[in-house]
Amino acid sequence: MNDYPIWLIIAVLAVGTFLIRFSFIGLTGDRPLPPALLRYLRYTPFAVLPALVAPMLAWPAATDGVTDPARLLAAAATVLVGWRMKSLLFAVLAGLAVFYGAVALGL
Amino acid sequence: MPSTTPKKAYVSGFSAGLPFLIVVIPFGAIFGVIGMEAGLNLVEVMGFSVLVIAGGAQITALQLMQDNAPTVIVLATALAVNARMAMYSASMAPHVGTAPMWQKALISYLLVDQSYAASVLKYEEKPQWDVATKVAYFLGTITPVAPMWYLGTLAGALAGQAIPESWSLDVAVPLAFLAIVAPGLRTVAHMAAAFTALVASLLLAWLPFSLGVIAAGMLGMVAGAEVEKAIAQRAPQ
């Protein structure tokens, strides 16, 4: 690793991240957002989080990008249990159980 | 039946935040471990987690630094990973936009995936809540999460090499995000949004600077909104 200006990087990321998070909350106040925009925003977590995890699952950094069946099975179990049981906790536990089970079985 | 007070909302938010600990603590620990391995000192590692408080962006920045990427690329990519939070901010605004400015600043500092998802799903369920109640619920969800994020980082930084790589703690991160989303998949529109975003993210993974994730997220939002509109038109209430 090069000599980076670590504190400069931390400061820019801290301020930049805060401003991203503050943008609409801080500036739009109680002005109602257009219904069409709200319709899009309703799907934000359902779109952004899957987009974020898909590459992590398909090409995990921990395996140097090699697709790992244990991780895919664990992801499927998490989604299935979370969807059926409506519980975040059970979903994570099911996913972890399947992952470590699959690893133990040598998958 | 008495309506919900901010105090009750805070307590209910707190219990909604608790399950996130199962992923926040290992996630923080992972950042602590890889931060020290990358050659940062303890204060620098903690500075990241306390000031930036965005695990995905922190890990992205570290990975790029280990690849010796230019500082500008490190910053731009890590901030692009956080661009989704502008969307979180926009969808929180109608709920907490009239709160006092200091509260809005505090919410902005603490607007992470977990507190956002738990709060917005609750606000959809309880549109009658006033602003103070909604703010209290949000602060409830983050109360167990943020301190344990800091402590998780500290534990990872101190324990360091004692955690064997074979534990594959990294797997907790994607599973946590999926576990946030899955219980909310109530309609065909939700599923269309999630499925479109997932497929698009894989197809666009070649784009530089994590732009594929952002583009895929936007495509997923459009898919969800369009399917919702199509269903509403076919079956008017």
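Throughout, a chain's letter reflects where its sequence line sits, starting with A, and its residues are numbered from 1. Predicted, not measured: the structure shown is a model, and the values here were computed from it.
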Roughly how far apart are [X] [atom1] and [Y] [atom2], rounded to 0.5 Å?
X	Y	atom1	atom2	result
A/L49	B/Y116	CG	OH	8.5 Å
A/L89	B/L18	CG	CG	9.5 Å
B/M92	A/T44	CE	OG1	12.0 Å
B/Y88	A/I25	OH	CD1	12.5 Å
B/L178	A/L88	CG	CG	10.5 Å
A/I6	B/M65	CD1	CE	4.5 Å

Choice from [options] maximising heavy atom contacts with chain A below 4.5 Å:
options	result
B/R186, B/H190, B/K229	B/H190
B/A176, B/A205, B/A194	B/A194
B/G47, B/A200, B/A105, B/A99	B/A105
B/A90, B/S91, B/P19	B/A90
B/L121, B/L75, B/V74, B/V23	B/L75
B/A192, B/S168, B/A223	B/S168

Side chain, backbone, both or neither of [X] within contact of chain B (heavy atoms, under 4.5 Å):
X	value
A/L19	neither
A/Y100	side chain
A/A77	neither
A/L57	side chain

Can you give me the closest heavy-atom contact between [X] and [Y], atom names plus distance?
X	Y	answer
A/R21	B/V52	NH1-O, 3.4 Å
A/Y43	B/A189	OH-CB, 3.2 Å
A/A51	B/A216	CB-CB, 3.9 Å
A/K86	B/L185	NZ-O, 4.2 Å
B/L175	A/T78	CD2-OG1, 3.4 Å
B/A225	A/R39	O-CD, 3.4 Å

Evaluate the side-chain proximity of [Y] to [X]: yes if any heavy-atom separation is below 4.5 Å, no if none is.
X	Y	result
A/W7	B/V43	yes
B/E226	A/Y40	yes
A/L13	B/N82	no

Part of [X] lying under 4.5 Å from any heavy atom of chain A:
X	result
B/L202	both
B/E124	side chain
B/L21	neither
B/M191	side chain
B/F195	neither

Can you establish whether the number of heavy atoms outside B/M218 located under 6.0 Å from its atom CE is more than 12?
-> no
Taking everything shown except A/W83 itself, do over 12 heavy atoms lie less than 6.0 Å from its CH2?
-> no
Max heavy-atom pair count under 4.5 Å with chain B, selected residue of [options]:
options	answer
A/A75, A/A91, A/P60, A/A94	A/A75
A/L27, A/V81, A/L37, A/T17	A/T17
A/L96, A/L52, A/V12, A/L80	A/L52

Taking B/Y109 for the side chain and A/F22 for the main chain, is one N or O donor matched with an acceptor at less than 3.5 Å?
-> no
